[in-house]
**Student:** 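Structure incoming, see below.
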Amino acid sequence: MKKKPIPSFLIFWAVILVLALWPLVTAHPQWVCRVFTMAFLYATVAMAWNLTALSGLISLGHAAYFGLGAYGAALMDHYGSGNPAVTLTTAALAAGVYGAVCAAVFRNLRGATFALVSLAAVEIPKVIADNWESVTYGSLGFVGIRPLPLVHMGRVTVDFGGDLTAQYYALLVVLLAGTWVHFKAIHSRWGWALRSIREDEQAAGVLGVPVYPVRWSVMTLSALLTGLCGGLYAHLHGFVEPPVVFSTHLSAMPLVLSILGGRFRWFGPALGALVLYPLDQLVLHPVLPAGHAAVYGLVIVASVLFFPKGLGLRKK
Amino acid sequence: MKRILEIHHLTVRFGPRTILKDVSFSVHEGEIVSLIGPNGAGKTTLFNVISGLVQASAGDVIFLGRPITGWPPYKVCRAGIARTFQIARPFPDMSAEENVLIGLWFGKNFARSDGVLSKASEAAALLDLVGLHDKRHTPGKELTLSEQRRLEVARALATHPTLLLLDEIAAGLSPHAVNQAAQLVLSLRDRGMTILLVDHFLNLTARVSHRLVALDQGEKIVEGSPQEVLHHPEVLSAYLGEREPAEEV
Ligand SMILES: Nc1ncnc2c1ncn2[C@@H]1O[C@H](COP(=O)(O)OP(=O)(O)OP(=O)(O)O)[C@@H](O)[C@H]1O
Ligand SMILES: [Mg+2]
């Protein structure tokens, strides 16, 4: 008799439930909250990245969108309005427009060529941010970006800027919203269009799937969401500098998290992030302050070798 | 008779090579027309141009009176032209049923919302028609070549075409299977479909076609009834060294 394995989406919901309840029932060190807040942010980036991957293209350049989002929010905060509704919209638009342009310009590129060109596409905004000193302060970056504001909800006031528990819950909501979008990109008519394009785009085309419109819009959406996360990052950290927000690490991370969690499961990239990021920060970082990031490389190698379909594995 | 498809002075170049040279012909409503010609004559390329996968260098494709030259494949499909691929290309990780459902959801009568599973019975009927009912849950990549080819046909039909382009559906089949394919083509014609066939080995052509168009090295050499075309000296010489077409008739 074969035992039925626990479906991995139940594991995902169990993880979410524990994460949602844990700060309410026990003491919760602020730095642990902080780590999970960032895990939620990177989980959302991973799902945004995977939207592009679901259309069959592996991007190695999502740091471009993250960085543009971070700089978009920082510039708007510095020169315009500090209202997060405005800064975050700017962040999403800055990245979304660049994503839309890239999707149109790279329209005919596939596979390794696309991956390489997407990697190169990070350099353009990065070099601008690095060198246009009168506007961006160059390599010094922006400091003093206003934190997220106080929000009055009835008689309660929540300080999203100073209260790390509040930030934790805010980002948990962002994660769930991102998961919903990612779910739809797999389980819907739109999801079937993406899947057919991924499996054979010429066959998809002659069966009536609008290959280019679908791919262009999903890549734009992917960039937009990544930019939004970049904007949130700017407010959470209070400073941005080119080598950080345009880093190769940021481009590679969503790929690692998605591969680990399973690229074709709606909860895969998020599960990968919720497992690996805290593991890296809470367990490996204290033990191996210098080499902990190597885990991302190890994970790629190990999961490609042993779990080609990711942790959320189900025979497919 | 109504013209379904008109090809006007079509020329296709890949770099320095001219693959199709000033090809013109038309297909009328309810007809079965075969495109014949030796290896590399440009038959598949012509299908690729009609279905929007390859851009013409000059000339026009007119479908139901409307120029569709340069349209993206999905628009051509939704206008009512479906095709099969000579080398079958099923979606490898989708089941046979899901392969067909893609055509049902996105083809001419495409769904505008997520009423996703509502077409399962239509998919089952199409899989029945090509004899793949038992394989409906098998992934595309695990089907045999002949099953994949039948899946191509079912999937193309799922888009509700007015004009069906079939690229070598009988190549490499046993005589019995060729008969079945011929029956299928005739039954589709009886349902009101217009069909353009590509047939290199002349397996199907003579049995089912009303007219033949012969291509050689990208040029149309002759067009007419099967008897006329298959005995035309230029067709004979084009096939010489390949296979004697007349002996099959
Ligand atoms: N993408 C391409 N780039 C360059 N040349 C091509 C391309 N596709 C086809 N060709 C060339 O165009 C010519 C016609 O090819 P095509 O596939 O249309 O022939 P065909 O008549 O279908 O032949 P067959 O009977 O072998 O299927 C061939 O010489 C082929 O090498
Ligand atoms: Mg061919």
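These values consider heavy atoms only, across backbone and side chains, with no hydrogens, waters or symmetry-generated copies. Every chain is numbered from 1, with letters handed out A, B, ... down the list of sequences.
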**Student:** More than 12 non-hydrogen atoms from neighbouring residues, nucleotides or ligands closer than 6.0 Å to NZ on B:K220, yes or no?
**Tutor:** yes

**Student:** Shortest non-hydrogen contact from A:G205 to B:C77?
**Tutor:** O-CB, 4.3 Å

**Student:** Quick one, B:F106 with A:R189, criterion side-chain contact (heavy atoms from CB on, under 4.5 Å). Give me CA distance, side-chain angles, the key distance, then yes/no.
**Tutor:** CA-CA 9 Å; B:F106 295 96; A:R189 183 174 174 273; 3.4 Å; yes

**Student:** Are the side chain of A:R195 and the backbone N or O of B:F91 linked by a donor-acceptor pair below 3.5 Å?
**Tutor:** no

**Student:** What pairs with A:Y212 under side-chain contact (heavy atoms from CB on, under 4.5 Å), at least two apart in sequence or on another chain?
**Tutor:** A:A104, A:R107, A:W216

**Student:** Taking every non-hydrogen pair under 4.5 Å, which of B:K75, B:R83, B:E98 racks up the most with chain A?
**Tutor:** B:E98

**Student:** For the pair A:W192 and B:L101, evaluate side-chain contact (heavy atoms from CB on, under 4.5 Å) and give the outcome as yes or no after the intermediate values.
**Tutor:** CA-CA 10 Å; A:W192 281 102; B:L101 284 169; over 6 Å; no

**Student:** Identify the heavy atoms of B:Y74 and A:P213 that sit nearest to each other, and give their distance.
**Tutor:** OH-CG, 4.0 Å

**Student:** Kindly check if the number of other-residue, nucleotide or ligand heavy atoms within 6.0 Å of CG (B:L145) is above 12?
**Tutor:** no

**Student:** If you round to the nearest 0.5 Å, how far is CZ of B:R89 from CD of A:E199?
**Tutor:** 12.5 Å

**Student:** Where does B:P92 contact chain A at under 4.5 Å (heavy atoms): side chain, backbone, both or neither?
**Tutor:** both

**Student:** To the nearest 0.5 Å, tell me how far A:Q202 CD sits from B:N48 CG.
**Tutor:** 7.0 Å

**Student:** Can you measure from CG (A:L207) to CZ (B:R78) and round to the nearest 0.5 angstrom?
**Tutor:** 11.0 Å

**Student:** Just wondering, more than 12 heavy atoms not from B:I87 lying within 6.0 Å of its CD1?
**Tutor:** no

**Student:** I need the minimum non-hydrogen distance between A:V206 and B:F85, along with the two atoms involved.
**Tutor:** CG2-CE1, 3.7 Å

